[in-house]
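Naming: A, B, ... by sequence-line order, numbering from 1 per chain.
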Amino acid sequence: MLGDTCVAVNPEDSRYKHLVGKDVMLPLVGRRIPIIADEYADMEKGTGCVKITPAHDFNDYEVGKRNELPMINVLTFNADIREEGQTFNFDGTLNEEMSGFIPEKYRGMERFAARKEIVADFDAAGLLVEIVENDMVIPYGDRGGVVIEPMLTDQWYVDAKTMAKPAISAVENGDIEFVPKSYENMYFSWMNNIQDWCISRQLWWGHRIPAWYDDQGKVYVAQNEAAVREKYKLDASVNLSQDNDVLDTWFSSALWTFATQGWPNLDDPEVAKRLADFHPSDVLVTGFDIIFFWVARMIMMTMHFCKDGNGKPQVPFKTVYVTGLIRDETGAKMSKSKGNVLDPIDMIDGIDIDGLLEKRTGSMMQPKDAEKISKRTKKEFPEGISAHGTDALRFTLAALASTGRDISWDMKRLEGYRNFCNKIWNASRYVMLSVAGDDVVEAAAENGTKIVITDAMKAACGAGGEEAVLSLADRWIISRLQFVEAEVTRHFDNYRFDLAAQALYEFIWNEYCGWYLELSKPVLWDENSSVEAKRGTLGTLVRVLEATMRLAHPIMPFITEEIWQQVKVLAGKDGETIMLAPYPEAQDAFRDADAEADIKWLQDVITAVRNIRGEKNIPPSKPLDLLFKNGGDDDFRRAEENQTFLKKLAQLDNLTWMNEGDEEPMSVTQLVGDMEVLIPMAGFIDKDKEVERLIKSVEKLDKEIERVNNKLGNPGFTDKAPPAVIDKEKEKAAGFARDITKLKDQIEKIKAL
RNA sequence: AGGACUAUAGCUCAGUUGGUUAGAGCGCUACCUUGACAUGGUAGAGGUCCCCAGUUCGAAUCUGGGUAGUCCUACCA
């Protein structure tokens with residue numbers, strides 16, 4: 001009421017049209033104020049008339065500016081009523097005409113008391129018609145918890161619209177790229193609607209505003225006081241005092257890429273060189289929630305202050321990699337007051353439940369919150385958090401970092417990747433056991449020392465280039481290593497840390513540990529293997545492990561360094577640390593499509609046998625006989641060449657190739673390509689169950705073949721689809737048909753037995 | 001209110017420009033103390049790709065509408 005400078009009605013409001021342009025007398029203060037028409041007044045609300053207080057309300061401020069109304073500041077910095085209102089024109093200059101008079105009884109009064117008093121005085125004067133409940137959202141201060149009152153103050157502003165223009169085009173023309181790209185929309189929508197930026201803050205911590213005032217309040221701006229005196233030719237007789245305000249933290253932060261290199265001391269040759277070398281920088285990694293606050297401001301400020309040799313504005317960085325936020329297991333944002341914050345250190349080192357409770361509730365201001373949080377914490381982590389290690393945490397973050405989405409933290413994933421670290425460690429243990437022998441490895445483990453690498457060990461691995469023969473498995477894993485190297489590199493290049501992590505996981509666990517280590521055993525444990533063959537396998541074990549450690553190092557720095565230090569010499573490498581070792585690069589010369597195809601066949605046969613064991617509940621310890629049937633030349637060759645591998649990994653006694661017309665014993669069958677794998681099971685087989693199992697497979701294939709045939713029978717498909725797609729479908733159909741024929745044969749045979 | 005994003009297995013998530021029998025890890029089931037590892041091994045079950053319509057020979061994928069959720073911005077005399 002004390003600061004009102006007009007009454008607004010809606011221009012469409014027929015009730016009040018005739019009053020627009022007239023004045024009313026503001027009660028209590030006796031101020032004469034105009035009635036104006038402004039669409040801000042809502043005809044539906046209340047009387048449809050609303051009083052306007054431009055100095056103490058955001059909306060009213062806008063109305064005031066639109067209608068060029070004066071503004072009257074009636075509050076002190078304590079939010080008490082002033083002795084007299086300060087009256088300004090809409091452009092901020094002092095207003096001499098409108099009175100800022102405040103009745104004596106309100107002067108110096110606390111704001112809420114004054115409000116009550118004014119309502120009471122309205123009532124007493126017979127001016128109060130009714131009091132209506134009105135729900136509204138009022139902003140409260142974070143720190144003090146009191147209602148925030150907008151008011152007029154002097155502040156420093158940056159003309160953001162002007163600065164935004166080059167910053168927008170830098171992203172439009174690709175000088176700066178967001179990853180993922182979709183965040184560019186967010187950036188544009190912010191930059192295109194940018195408001196002038198208030199950069200002054202009333203805090204004690206920060207860069208002080210470089211503005212000085214003389215005793216008359218006249219303002220001078222320059223880099224420092226001496227510069228001010230020189231620039232404005234002020235001698236020592238003029239008293240100068242610097243503005244007490246400091247710069248917005250984002251203003252200071254926006255200087256980061258160049259200020260850290262020594263800007264603005266460009267005359268210093270070292271600073272100039274640093275800027276030339278390191279500016280613009282490459283990649284900024286940040287959360288999407290500060291694209292507005294920081295990223296946009298950095299781009300604007302840098303392009304304003306930094307120019308290249310031709311005067312073209314420099315960007316601060318070329319790529320902005322935007323991460324998601326880590327949320328808790330229920331998807332809620334982590335916050336202290338909710339008590340759902342997980343400290344990375346606790347996941348690395350572990351913490352007991354008491355320590356965790358103390359951490360989460362120790363500094364709570366509200367005791368009732370503390371109780372809730374401690375209950376929740378006890379339920380979620382009854383035993384506290386166990387130690388998982390740095391590498392596991394880092395790997396988990398990489399694996400979960402798919403682009404453009406938040407991460408709901410999953411402790412189970414962390415456990416899985418801790419197990420992965422353990423797996424790697426044990427694989428390296430197997431390699432060292434194979435190279436150095438049990439006694440040496442165990443002695444070293446007991447003493448906590450490294451295994452001393454002898455010349456004999458090096459020679460056993462072929463580290464000096466001694467003659468070696470590679471097994472099929474050796475050639476296969478070397479070929480697969482090329483593949484994973486290329487994959488991981490590609491994913492890193494695309495900022496797909498999740499896919500890089502997945503490729504590493506898949507290769508190390510399934511291919512290297514799951515298959516290759518097992519395939520190395522028949523060679524290493526066979527007394528009849530030649531020295532060269534053993535050297536080939538040992539050398540491959542060691543070299544692939546060494547390269548894999550370098551490949552995984554960015555995501556698991558510690559365990560890879562530890563293992564690398566042990567195996568580097570065996571792999572013929574040297575160097576102080578894995579950190580300085582070159583990153584692996586795939587080499588086409590080491591790719592071996594034949595070896596990959598052969599091993600694929602081997603895996604399929606072994607899996608087929610294991611499948612039969614699983615289905616029929618035959619323990620792995622019981623050796624079986626295996627019959628091959630209907631294979632081609634490749635099948636025959638592969639079976640011949642890989643007898644040792646097959647016997648060891650599938651636990652087989654005899655391998656027999658069936659010829660046309662041979663009597664077929666009662667067997668369980670699996671298909672491997674065109675070939676059939678048979679396990680004779682006279683006496684153990686349940687005829688009905690086996691038939692049932694086979695019928696189920698046939699039914700599944702029938703469905704597939706029906707689908708494919710429908711497709712192929714559709715002229716729309718055969719006319720319009722690309723030939724490659726059609727061929728693929730035809731091939732599929734033929735394959736299904738072959739399989740069905742074989743399975744049906746098998747069903748007949750079993751039924752006939 | 002305006003804008004953006006998300007929806008795929010019980011859970012956490014992949015699925016590149018439309019053509020896969022829709023994948024991974026965890027969890028689940030059965031079996032296994034085989035000389036790296038039970039923080040392990042082998043095999044397996046589990047999906048109306050939120051709903052509706054459209055485009056197309058063909059849609060988890062593209063378009064429109066709807067539902068649910070998350071976030072940002074603004075405002076509510």
What does the list of N/O pairs under 3.5 Å between the protein and nucleotides 17-25 of chain B look like, with a distance for each?
unit_1	atom_1	unit_2	atom_2	d
B/rU21	OP1	A/Lys732	NZ	2.8
B/rU21	OP2	A/Lys732	NZ	2.4
B/rU21	O4'	A/Glu704	OE1	3.0
B/rU21	O4'	A/Glu704	OE2	3.4

For A/Phe292 and A/Trp425, find the nucleotide of RNA chain B closest to each by heavy atoms; which residue's nucleotide sits nearer the 5' end? A/Trp425
Are any side-chain N or O atoms of A/Glu184 and backbone N or O atoms of A/Phe178, one a donor and one an acceptor, separated by less than 3.5 Å? yes
Looking across every strand, which nucleic acid part, if any, lies under 4.0 Å from A/Ser408 by heavy atom: base, sugar-phosphate, or nothing? sugar-phosphate
Both A/Gly48 and A/Arg327 contact RNA chain B. Taking the nearest nucleotide for each, which residue is further toward the 5' end? A/Arg327
Are any side-chain N or O atoms of A/Lys161 and backbone N or O atoms of A/Ile194, one a donor and one an acceptor, separated by less than 3.5 Å? yes
Looking only at atom C1', what distance separates B/rA4 and B/rA77, rounded to whole Å? 31 Å
B/rG35 and B/rG25: how far apart are their C1' atoms, nearest whole angstrom? 29 Å
Nearest 0.5 Å please: distance from the CD atom of A/Gln651 over to the OG atom of A/Ser621. 7.5 Å
Rounding to an integer number of angstrom, what distance separates B/rU8 and B/rC52 when you compare their P atoms? 16 Å
In whole Å, measure the gap between the P atoms of B/rA1 and B/rA9 for me. 31 Å
Give the C-alpha distance, both sets of side-chain angles, the deciding distance and a yes or no for salt bridge (Lys or Arg N to Asp or Glu O under 4.0 Å) between A/Asp38 and A/Arg66. CA-CA 9 Å; A/Asp38 192 287; A/Arg66 265 203 298 277; 3.0 Å; yes
In whole Å, I'd like the distance from the OH atom of A/Tyr187 to the P atom of B/rU73. 18 Å
Take the protein atom OH of A/Tyr40 and the nucleotide atom P of B/rC75, then report the distance between them rounded to whole Å. 10 Å
Tell me whether A/Arg610 forms a cation-pi arrangement with A/Trp515, defined as NZ or CZ under 6.0 Å from the six-membered ring centre and within 45 degrees of its axis. yes
Same-atom distance (C1') from B/rA60 to B/rG47, integer angstrom: 11 Å
Between B/rU6 and B/rU17, how many Å separate the two P atoms, rounded to a whole number? 14 Å
On the nucleotide B/rU42, are OP1 or OP2 found under 4.0 Å from the side-chain N or O atoms that A/Asn611 carries? no
Span that lies between the P atom of B/rG2 and that of B/rG18, in whole angstrom: 32 Å
Determine, for A/Phe736 and A/Lys700, whether the Lys NZ or Arg CZ falls below 6.0 Å from the six-membered ring centre while staying within 45 degrees of the axis. no
Rounded to whole angstrom, note down the C1' distance from B/rG66 over to B/rU56. 23 Å
Sugar-phosphate, base or nothing in reach of A/Thr607, heavy atoms under 4.0 Å: sugar-phosphate
Dot-bracket for RNA chain B, 5' to 3', with Watson-Crick and G-U pairs under 3.5 Å, [ ] for crossing pairs and | for other-strand pairs: what is it? (((((((..((((.....[...)))).(((((.......))))).....(((((..]....))))))))))))....
Using a 4.0 Å heavy-atom cut-off across all strands, classify A/Asp42 as base, sugar-phosphate, or nothing. base
Touch check for A/Trp525, heavy atoms < 4.0 angstrom, all strands: base, sugar-phosphate only, or nothing? base
note: A/Glu511, atom CD; B/rA36, atom P; distance rounded to Å ~ 21 Å
Separation of B/rC75 atom P from A/Tyr61 atom OH, nearest Å, is 14 Å
Gap between atoms CD1 and P, on A/Ile407 and B/rC11 respectively (whole Å): 19 Å
Counting distance only, does the side-chain N/O of A/Asp13 pair as donor-acceptor with the main-chain N or O of A/Arg15 below 3.5 Å? yes
Looking at every strand, decide which applies to A/Leu433 at a 4.0 Å heavy-atom threshold: base, sugar-phosphate, or nothing. sugar-phosphate
If I take atom CD in residue A/Gln195 and atom P in nucleotide B/rU73, what distance separates them, rounded to the nearest angstrom? 13 Å
Check the angle between the aromatic planes of A/Phe293 and A/Trp250 and answer parallel, tilted or perpendicular using the 30° and 60° thresholds. parallel
Contact class for A/Cys513 vs. all strands (heavy atom < 4.0 Å): base, sugar-phosphate, or nothing? base
Considering every strand and a 4.0 Å limit on heavy-atom distances, what is the contact class for A/Glu518: base, sugar-phosphate, or nothing? base
Check whether any side-chain N or O of A/Trp509 sits under 4.0 Å from OP1 or OP2 of B/rG41, and answer yes or no. yes
Considering every strand and a 4.0 Å limit on heavy-atom distances, what is the contact class for A/Leu499: base, sugar-phosphate, or nothing? sugar-phosphate
Please confirm whether the shortest side-chain N or O distance from A/Arg496 to OP1 or OP2 of B/rG15 is below 4.0 Å. yes
Please confirm whether the ring centroid of A/Phe507 lies under 6.0 Å from the ring centroid of A/Phe483. no
Is it the case that A/Tyr321 and A/Thr286 place a side-chain donor and acceptor less than 3.5 Å from each other? no
Tell me what A/Arg418 touches on the nucleic acid: a base, only sugar-phosphate, or nothing, going by heavy atoms under 4.0 Å. base
Is there a donor in the side chain of A/Asp474 and an acceptor in the side chain of A/Tyr516, or the other way round, less than 3.5 Å apart? yes
Fit a plane to each ring of A/Phe292 and A/Trp190, take the angle between them on a 0 to 90° scale, and name the class: parallel (under 30°), tilted (30 to 60°) or perpendicular (over 60°). parallel
Atom CG of A/Asn419 and atom C1' of B/rC37 are separated, to the nearest Å, by 10 Å
Roughly, in whole Å, what's the span from CH2 in A/Trp409 to P in B/rU70? 23 Å
Quick one: is B/rA36 close enough that its OP1 or OP2 comes under 4.0 Å of any side-chain N or O from A/Lys521? yes
